[in-house]
2 protein chains.
Amino acid sequence: MTKGTQAVDLLDDAGIRPTKARALVLAAIMEAGRPLSHPALAALLPELDRVTVFRSLKALKASGLLHGIQGLDGLLRYVANPASRKGCPGKHPHFLCLECGAMTCLPEQRMPHVRVPEGSEVVGKQFLVYGLCPLCSAKNQKSGNPADLATRKSASAEK
Amino acid sequence: MTKGTQAVDLLDDAGIRPTKARALVLAAIMEAGRPLSHPALAALLPELDRVTVFRSLKALKASGLLHGIQGLDGLLRYVANPASRKGCPGKHPHFLCLECGAMTCLPEQRMPHVRVPEGSEVVGKQFLVYGLCPLCSAKNQKSGNPADLATRKSASAEK
DNA sequence: GACATAGTGCAATCCGGTTGCATTTTCGGA
DNA sequence: TCCGAAAATGCAACCGGATTGCACTATGTC
């Protein structure tokens, strides 16, 4: 289990207890390589209680190993922070597929600057681009389904 | 009730039945002048059932009078679309105060362009800037409270 | 190895969103 | 003005994700 031990190292480095649950959660997220919601993770790790998954996510996030992105569906998704960018979330936009619910990072792009009202204090930003991923776009093209994408509840498979 | 009748006109124009509930909901949102969540609206309009509020919001959104923005807390908030921009949501960023939960529009700014993976289809974008609003920032300055802003659950009053 | 502390699992709760269904309102036509 | 179809509303109930309390277990220290 290379990934697992690697995850344990990261936990150690981050200064939190390297427990089995946290290692599994972190490994799963890193392996996925894209933002995963709490339910998706819980499904991916049936050997863990969903509450444990939830609390592990909280701990990992607090320690700076993960950051969360809110989807259009109200589901919070988590991605691993690359070591170099630890503790600096919100540094790039994300793309959410309305069809399959999958979320991907657009890491090579910087967050645009925004002017805020005088006196405001900016803590972070979140830029979400939504639509159809290449796969679903292709699928939709064939089966001719120009439906109410923006309205539809993130339907199938992957959360 | 000037606001109310004005709302009725808007409903008529939008081509949906101008019912009391819809007029009240729309008037409340326009009066607020900033994005309100469904729970906030339900609290603001105790004479209406929360389901009715919910369905009115759906109808108003479908007719292009409103658009919704997802907050960091997973709560969907609604704002009135100015007549000129009807049916064109997602045209500007929003600011969310982590302290009081109030959300404001930053309408004078355009959505930045983002490159997406080949084959993707962009339906819309959502840009959320979060932090402290001028009021809360000032309050925090005094009472010295440099706490876990990003973690905190949108605490008090306004949703 | 023993102990204090932190993490885990389970059950239960909270809350926003959503649906089914019976009743009421709206609106076009008689 | 009245009538009936269609749409909207209120109520109760349900669903699913988030969160908490508490007893039990694993972790790390001395």
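Proteins come first, then strands; the chains are lettered A, B, ... in the order of their sequence lines, and each starts at number 1.
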Exercise. Does the dG17(C) base have a donor-acceptor partner in the side chain of R55(B) within less than 3.5 Å?
Worked result: no

For this session: Could you pull out the closest heavy-atom pair between M111(A) and K125(A), with the gap in Å?
Result: CE-O, 3.6 Å

For this session: For K58(A) and dT8(C), give me the distance from atom NZ to atom C1', rounded to whole Å.
Result: 14 Å

Exercise. DNA chain C: K20(B) or F54(B), which has the more 5' nearest nucleotide?
Worked result: F54(B)

Exercise. In Å and rounded to the nearest 0.5 Å, what is the CG to CZ distance from L11(A) to R22(A)?
Worked result: 7.5 Å

Exercise. Does the side chain of E47(A) come within less than 4.5 Å of L24(A)'s, by heavy atoms?
Worked result: yes

Exercise. With a 4.5 Å heavy-atom cut-off, do C97(B) and T104(B) have their side chains touching?
Worked result: no

Exercise. Ignoring hydrogens and angles, are the base of dG10(D) and the side chain of R50(B) linked by a donor-acceptor pair under 3.5 Å?
Worked result: no

Exercise. What's the CG-C1' distance between L48(B) and dT24(C), to the nearest Å?
Worked result: 14 Å

For this session: Write down the distance between CG (L45(B)) and C1' (dG10(D)), rounded to a whole number of angstrom.
Result: 15 Å

For this session: Rounding to 10 degrees, work out the angle separating the end axes of the helix from dG1(C)-dC30(D) to dA30(C)-dT1(D) (five pairs an end).
Result: 30°

Problem set entry | Heavy-atom side-chain contact between R50(A) and F54(A) under 4.5 Å | no

Exercise. Is there a chain of hydrophobic side chains (I, L, V, M, F, W, Y, each step under 4.5 Å between heavy atoms) that links F127(A) to V122(B)?
Worked result: yes

Problem set entry | Length of the line joining L11(B):CG and dC27(C):C1', which is rounded to integer Å | 15 Å

Problem set entry | Rounded distance in Å - CG (D12(B)) to C1' (dC27(C)) | 12 Å

For this session: For residues Q70(B) and L76(B), determine if any side-chain heavy atom of one lies less than 4.5 Å from a side-chain heavy atom of the other.
Result: yes

For this session: Just do the side chain to side chain contact (heavy atoms under 4.5 Å, CB included) check on C105(B) and V79(B) with the steps written out, would you?
Result: CA-CA 9 Å; C105(B) 299; V79(B) 234; 3.7 Å; yes

Exercise. Between V51(B) and L75(B), is there a shared hydrophobic cluster once you connect ILVMFWY residues whose side-chain heavy atoms come closer than 4.5 Å?
Worked result: no

Seminar exercise, completed: L57(A) CG to dT8(C) C1', in whole Å, measures 14 Å

For this session: Rounded off to whole Å, could you give me the CG-to-C1' distance for the D49(A) and dG21(D) pair?
Result: 14 Å

Identify the pairs formed between an N or O of the protein and an N or O of nucleotides 1-8 of chain D at a distance under 3.5 Å, and give each distance.
unit_1, atom_1, unit_2, atom_2, d
dA7(D), O4', R17(B), NH1, 3.4
dA7(D), O4', R17(B), NH2, 3.3
dA8(D), OP1, R22(B), NH1, 2.9
dA8(D), OP1, R22(B), NH2, 2.6
dA8(D), O5', R22(B), NH2, 3.4

Problem set entry | Nucleotide dG16(D), atom C1' - distance to CG of L76(A) in whole Å | 15 Å

